[in-house]
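The structure displayed is predicted, hence computed values, not measured ones. All ligand and atom numbering here is 1-based and tracks the order in the structure.
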Amino acid sequence: MPKKRQNVKAKSASKDEAVRSEASTEPISKTKTIPRLAQENIEEKNNVASLIRIGFMIALLLGLAGVLFFPKLISLAESTMGMKPVSSGNEHVREASEHDREAAQGETVKQIQTNVKDVTLNEGDLMENEKTELKKQTSLGDKQNQDRSNLDRNKIKMHAEKNTDFKEEDYLKKSKSKDAEIKATGDQSHFDTANMIPPRKGRNGSGKPIILNSETSHVVIDPSQIKIIDSPPDTNTDDSNKRSGKNITGKSSVNKSKADISKSNLNKDNTTSPTTIEEEIQKFKPTFHKTFTPKKIFDGGRRIPPIELLHQKPSNSSVKVFLFDDFLSAQECDGLIRAHDNHVKAANKTPILCFDSVDTLRSHLKDAKKNIKISPNVFTAGTRCVNESFSLQLGNWLKSNWSYSTAFYPGESKFSKILAERIQKAMGLDPVSGGKFQITSYPVGKAYKEHTDCVVGGVDQRDRVVTVLIYLNDVEEGGETRFTELGIWVKPKKGRALVWNNMSPEGLCEPHSKHVASVVKKGSKYILIRWYYYKTFYSLGHRPAPPNLPQRESDQAMVMCDVYNSGSCRWYDEWTYEHLLDYEKNKLKLI
Ligand SMILES: O=C(O)CCC(=O)C(=O)O
Ligand SMILES: [Fe+2]
């Protein structure tokens, strides 16, 4: 054995020499003379020691290799011997976590943990991708559903479009590319949105005029010139017994003298006899419905075609509902929302609550399970409004019922003219027969019950023939406008205009025009409304000077709750007149 053994021998020789030197006095050169047995013993001892050393080193090496490769060897053995299938990634995760729990230490564990992390990350990534994909699909679905609900569902009929095979997708695509064009060319709105509606500089309850931002306002209401609306209720404005907020207000020419107005009142008095009203209606008939002719317009690079939403329920109603998408630009919508929010914030005093009748108040109390006795002295004399402390008490829970309305009038901002002209171009509605521009917000949970915008069976000439409603934002869930008699419902969409006639060509309020503002389930809803009247009258489209009653602080808003079953409560930042007790009695004679 040579070689190894020889080496060992040679190596041990020197040691042996030392032993020998201790054991014998003879010189080293005499080693050869050592007796054979003794020599063999020494050799054997040397061999045993070498073997022990070698064995020790081999054991050491094997131990190290074992620590390093043991799990892999086991796993190899398992797989090659068919003990277990090769694990998938997920099993790996499970196995790893088992190791995780069981293994005490070492590189192996770390390695597996890294794998776990990797796999988890990959899964996470996958989930993210799936989520994004799902989101894409959902929003696409939403969009499709939304557009379908508004368009397909109601069988689209294009007007003023020769193209009879109108395709919704094409239309949407086209309008999107138009939007992109506007963005690219920077052709934005032609007015300053920040200045869209000037901030109110002041308002008080004593009949003082509202001072508007001089740069943008063309109308300053001076009560000395418009006495007729400065001393309510004889002098009043506004809308008939339809629900409040639909007030048209003094269309008094700013320069009209008191005498002029009285004279015009006299004339009006003459015209309010039933026969004259009928004559008026007859006269009116051919012109109005002829002029209400929706057509395609272009504005700010947007192509805005009208779409008629057909009735989904059989009816012989004359009500027509039209829809224009992108009627307002996103910028315009945002500007209006900002202006509205600012006006709401500015009136931060506790509002005064008014009710169309004592019964309405009772119903609200019952609804809220409030066992509160109402005595006549909770009302402010001459009004249908409850006193301040009662307002505060009721307001705390009634608040959950009301939506918020603020208004701007023609001439109070540059935008009022722009918008009135756009409406005229698209719908043929004469700007002078329009009232105020009312912005309403519905926080989550708010709605407005079923109602008509005109008075069914009413004879008042100052009624709302057409409603123009524009959605200023997308509503996450709910907030649809539903025409219950027609089976039409429309989902709010930023910039979308909805236009319909409330009255028949015969001048009668159509019960089929009933509609509901459905509950906002998620998000909030903002709309702008302008009502058009079939007869212009001097108070139309002008801000009324506030009435003297009830006594209130400046910037103290009013909440008006209308007929319980067909109305809701609405907060207004302006005071009109229908809360006054003798308003109903006098209004027909007033304008
Ligand atoms: O908010 C809506 O969808 C409808 C509002 C409405 O009908 C109204 O204010 O008269
Ligand atoms: Fe309405």
Just heavy atoms, cut-off under 4.0 Å: does Arg570 contact ligand 1 by side chain, backbone, both, or neither? side chain
Short N or O distance, Glu480 and ligand 1, threshold 3.5 Å exclusive: no
Compute the centroid of each ring, for Tyr577 and then for Tyr583, and state whether the two points are separated by less than 6.0 Å. no
Please work out whether the ring planes of Phe437 and Phe408 are parallel, tilted or perpendicular, with thresholds of 30° and 60°. parallel
Side chain proximity check, Phe324 to Ile423, heavy atoms < 4.5 angstrom: no
Could you pull out all donor-acceptor pairs under 3.5 Å where a side-chain atom in residues 519-526 meets a protein atom, sequence neighbours excluded?
from: Lys525; atom 1: NZ; to: Gly479; atom 2: O; distance (Å): 2.8
from: Tyr526; atom 1: OH; to: Asp341; atom 2: OD1; distance (Å): 2.9
from: Tyr526; atom 1: OH; to: Asp341; atom 2: OD2; distance (Å): 3.1

Could you tell me whether Trp531 approaches ligand 1 through its side chain, its backbone, both or neither, with non-hydrogen atoms closer than 4.0 Å? side chain
Check Leu469 against ligand 1 and report side chain, backbone, both or neither, counting heavy atoms closer than 4.0 Å. side chain
Counting heavy atoms only, which of Ile527, Val490, Thr481 comes nearest to atom 3 (O) of ligand 1? Thr481
For Lys525, state whether at least one heavy atom is located under 4.0 Å from any atom of ligand 1. yes
Tell me which part of Thr440 gets within contact of ligand 1: side chain, backbone, both or neither, using heavy atoms under 4.0 Å. neither
So, of the N/O/S atoms that Asp453 has, which is the nearest one to the Fe ion (ligand 2)? OD1
Is Lys449 close enough and on-axis enough to Tyr564, meaning under 6.0 Å and within 45°, for cation-pi? yes
Region of Tyr448 engaging ligand 1 - heavy atom pairs below 4.0 Å: neither
Rounded to the nearest 10 degrees, what's the angle NE2 of His451 makes with NE2 of His515 at the Fe ion (ligand 2)? Could you check? 90°
Can you tell me if the gamma sulfurs of Cys354 and Cys385 fall under 2.5 Å? yes
Ring centres under 6.0 Å, that's the criterion: do His364 and Trp397 meet it? no
At under 4.0 Å between heavy atoms, what of His451 touches ligand 1? The answer is side chain
Report yes if some N/O of Asp453 lies less than 3.5 Å from some N/O of ligand 1; otherwise report no. yes
Determine yes or no for a side-chain-to-main-chain donor-acceptor pair under 3.5 angstrom, with His311 supplying the side chain and Val319 the backbone. yes
